[in-house]
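Data block below; observations after.
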Amino acid sequence: MTIDNFLEQDQAKGLLRVLTAGSVDDGKSTLIGRLLFDSKLLYEDQLQALKTEAVKRGDREQDIDYALLCDGLKAEREQGITIDVAYRYFATSQRKFIIADTPGHEQYTRNMITGGSTADVAILLVDARQGIVTQTRRHSYIVALLGIKHIILAVNKMDLVAYSKERFNEIVKSYTAFSHYKDFVCPKIVAIPISAINGENVVKKSHNMPWYRGQSLLQTLERIEIDRQSVILPFRLPIQIVLRPNHTFRGFAGKIASGVIRPADRVKALPSGQESTVKQIVSLDGDLPYAVAGQSVTITLTEQIDLSRGQMLVRIGQSEPTISHHITAFMVWMDCEVLDSRKTFYLKHNTNTVRARIEKIHYCIDVNTAEKTECNTLTLNSIAKVDICALSPIITDIYYQNRACGSFIIIDPITNFTSAVGMVVEARPSNSKSRETITISLSQLNIDTSHREAIESVCRAIEQQTGITIKSSN
Amino acid sequence: MNYNISHLRALESESIHIIREVASQFSNPVMLYSIGKDSSVMAHLAQKAFYPGKAPFPLMHIDSKWKFSEMITFRDNYAKEHGWHLIVEYNKEAYSRGVGPFTHGSKVHTELMKTQALLDALKRYGFDAAFGGARRDEERSRAKERIFSFRNAFQQWDPKCQRPELWDIYNTHIDKGQSIRVFPLSNWTEIDIWQYIRLEKIPIVPLYYAANRPVVEIDGNLIMVDDNRMPKELRDRARVRRVRFRTLGCYPLTGAIESNAATINEIVEEMMTVRQSERTTRVIDFDQEGSMEQKKREGYF
């Protein structure tokens with residue numbers, strides 16, 4: 001193979017974003033250090049720096065503390081804790097990985113949520129001796145809340161439980177028993193017994209656990225199928241900026257949130273409802289034949305329509321997002337300042353920033369047990385289901401169907417801090433009559449009751465788009 | 001139809017999205033341009049982001065007056081050929097007093113000619129957002145920094161009080177006098193940069209390619225003799241060796257590596273097998289433990 005061929009192949013590999021969660025005691029940093037070390041991505045001078053620090057602590061050179069690799073801030077190294085999210089990068093011949101390494105303690109829930117927001121896969125570490133603990137339940141809930149589709153349950157320190165198959169199975173069983181949440185789609189779970197410190201089943205398969213037939217952790221990360229669901233979803237382009245370099249050119253630029261677009265596709269601007277056709281997808285490298293979710297593009301249209309930043313381009317014939325003043329969302333409070341519900345916040349959703357009020361807290365969630373609790377206000381790390389009133393409408397989807405179009409942040413108007421983040425679970429359309437219910441009679445319409453199921457699914461589709469509830473009777 | 005996008009195209013789109021967000025949300029942004037490979041990639045991404053128009057912000061180079069002369073030639077040609085508005089600023093007072101790494105040491109030189117010069121320039125022009133080409137894989141305190149990194153009115157960074165940054169929704173809200181440092185290349189690694197330079201045929205300073213150059217070994221670093229400001233006793237020890245640079249900066253503070261990689265393919269190949277991180281060639285990092293975090297807090301990029 002020539003170097004050119006090799007490089008072409010290498011630069012075509014995909015990107016996987018991974019969240020790791022677990023405390024230092026679970027061996028999380030050791031695991032990441034191992035992954036970097038065994039896949040030969042830890043440089044010699046970085047290794048030397050770790051050895052120097054080990055000697056400085058009074059340990060032997062070989063007692064490397066891999067945690068020091070990830071704990072980038074001085075305060076973290078001094079206190080031996082991880083305060084903030086750290087990003088680590090490595091690549092194999094199969095994939096490039098971005099690892100968001102997040103602290104495990106409860107007071108750093110917001111950091112884990114920050115690191116997990118873009119993750120495709122979450123690695124949850126469990127200590128084989130302790131099994132499922134409160135922390136595991138907390139991390140498991142957060143992963144589901146964020147809508148991460150894949151979980152790798154890494155049962156670590158198998159060397160300390162004599163590589164017991166029974167112990168491993170017991171832990172996996174008790175994990176699957178509690179990790180179903182009715183509000184969320186269940187992630188796919190892969191469980192792997194490992195020993196991070198010895199590097200067993202991390203990069204290479206372990207000889208000490210012949211009963212484990214699956215792949216090593218790295219092999220799993222390399223091969224896990226990430227369904228590019230955002231491509232299958234309806235097309236959404238939140239307009240970020242309108243490019244007008246001269247009188248003749250008007251390009252609508254932004255990052256495609258979901259779906260696929262091609263020249264000649266019929267499109268509609270929201271909220272105006274004006275329709276047009278895609279003329280070109282313009283780029284420095286020439287016009288593109290198509291563009292997909294995740295790509296930053298510039299689109300020109302054949303008929304000029306009114307469209308500016310904060311608005312959205314969708315495809316005609318596909319289901320549309322909801323234009324809404326009133327949303328219900330799961331929200332995580334990220335600010336040390338307690339929620340002041342008299343404040344009118346800024347809500348930033350895609351490229352659209354509007355004023356918004358938090359109108360009602362339905363309930364809070366105990367992140368350790370996933371149970372609802374009553375609460376009147378929100379403090380740092382509170383997770384709650386809330387009603388929000390946006391003073392100008394947002395164009396939104398449900399987060400668990402379309403992550404990019406159902407997420408938002410809340411900004412404090414006085415401190416400018418990012419006070420909260422949210423995931424839309426319900427959006428009530430602004431233009432329809434409020435929560436109207438219509439009942440249709442199948443017999444009057446001469447429809448046989450055997451068609452009821454089909455009729456009902458049509459009714460549900462109408463309800464999703466218009467907010468009008470249609471019930472059928474015989 | 002294969003709808004997968006490669007990691008380089010995913011990173012490219014992420015960076016363009018970040019650059020456009022700044023252009024649409026800030027009134028007076030600037031792109032800091034260090035003439036290095038990362039800056040070359042960042043400026044290229046900015047051109048792509050606003051094609052067929054031009055980027056709506058200038059490039060600014062903070063000249064420490066100790067850059068390799070080839071860098072300055074490259075800078076002026078590049079800006080002219082690509083139609084960039086280029087601002088060049090330096091610390092005139094310190095320069096007239098003759099501050100430099102050979103006489104004042106790397107710490108004082110960096111503080112006055114780089115950090116101070118940068119802070120003065122940002123203040124003079126009233127820039128409210130400044131792009132930097134830093135990557136998170138470079139150094140462990142950088143791995144902790146947000147893409148949109150808030151600075152108070154004194155341009156200081158507080159690592160313990162960073163704004164949460166989720167999905168690709170960036171908080172661009174600031175008060176008057178405050179500013180944001182923006183790092184569009186946060187998620188790129190050194191090898192990504194080289195592969196992208198190859199893929200997009202981005203022009204870079206020829207110092208990155210191996211050639212015979214006069215170098216002198218100082219404290220384990222191979223320092224190139226770029227002009228006569230290097231003390232004569234050091235210059236006299238110089239020998240011609242086949243070297244290239246992995247990073248570029250002030251010539252007395254940037255170590256060369258012995259290499260035969262004279263084409264972009266050879267560089268990428270070398271980068272895939274190298275066992276030392278790029279920071280080993282930067283002299284300023286070894287001043288004190290945690291020195292990058294300290295410099296960043298004080299306003300350095």
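- Among A/T353, A/I409, A/D412, A/I256, the residue making the largest number of heavy-atom pairs under 4.5 Å with chain B is A/I409.
- Using a 4.0 Å cut-off between a side-chain N of Lys or Arg and a carboxylate O of Asp or Glu, B/R181 and B/E145 do not qualify as a salt bridge.
- Looking only at heavy-atom pairs under 4.5 Å with chain A, the residue among B/L199, B/N265, B/I174, B/D168 that has the most is B/N265.
- Looking at A/A293, the atoms closer than 4.5 Å to chain B (heavy atoms on both sides) all sit in the backbone: N, CA, C or O.
- Using a 4.5 Å cut-off between heavy atoms, B/E266 makes no contact with chain A at all.
- Residues A/Q280 and A/T300 bring a donor and an acceptor atom of their side chains to less than 3.5 Å of each other.
- For B/S15, no part lies under 4.5 angstrom from a heavy atom of chain A.
- Most heavy-atom pairs under 4.5 Å with chain A: of the set B/S13, B/G53, B/S186, B/S6, this distinction falls to B/S13.
- Residue contact with chain A, scored on non-hydrogen atoms closer than 4.5 Å, involves the backbone and the side chain of B/D175 alike.
- Taking the ring centroids of B/Y3 and A/Y290, they lie under the 6.0 Å cut-off.
- Heavy atoms closer than 4.5 Å to chain B are found in both the backbone and the side chain of A/K13.
- Ring centers of B/F57 and B/F131: under 6.0 Å apart, within the cut-off.
- A/T415 and A/E337 form no side-chain donor-acceptor contact under 3.5 Å, judged by distance and modelled atom types alone.
- Under a cutoff of 6.0 Å and an axis angle of 45°, A/R355 and A/F345 do not form a cation-pi pair.
- The contact between A/S407 and chain B is made by backbone and side chain atoms together, counting heavy-atom distances below 4.5 Å.
- Electrostatic pairing of A/K255 and B/E12 does not count as a salt bridge here, judged by no charged N lying under 4.0 Å from a carboxylate O.
- No other option in A/T418, A/V242, A/L15 has as many heavy-atom pairs under 4.5 Å with chain B as A/T418.
- Between chain A and the options B/N187, B/T189, B/D192, B/I191, the largest number of non-hydrogen pairs under 4.5 Å is found for B/N187.
- Heavy-atom pairs under 4.5 Å with chain B peak, among A/N350, A/L146, A/V297, at A/V297.
- Looking at residues two or more places apart in sequence or on another chain, you find no side-chain hydrogen bond (donor to acceptor under 3.5 Å, both in side chains) involving B/D219.
- Within the 4.5 angstrom heavy-atom criterion, no atom of A/I410 approaches chain B.
- The OH atom of B/Y170 sits 12.5 Å away from atom CD1 of B/I180, with the distance rounded to the nearest 0.5 Å.
- Contacts of A/F249 with chain B are made by side-chain atoms alone, with heavy-atom separations under 4.5 Å and no backbone atom involved.
- Between chain A and the residues B/A10, B/P52, B/A49, the largest count of heavy-atom pairs under 4.5 Å involves B/P52.
- Using a 4.5 Å cut-off between heavy atoms, A/V260 contacts chain B through its side chain alone, with no backbone atom that close.
- Contact annotation for B/Q25: only side-chain heavy atoms (C-beta onward) come within less than 4.5 Å of a heavy atom of chain A.
- Here B/K48 pairs with A/D285 in a salt bridge; the nearest charged N to carboxylate O distance falls below 4.0 Å.
- For the salt bridge (charged side-chain N to carboxylate O under 4.0 Å, His left out) test, no residue two or more places apart in sequence or in another chain qualifies with A/R95.
- Between chain B and the residues A/G116, A/S117, A/P245, the most heavy-atom pairs under 4.5 angstrom are made by A/S117.
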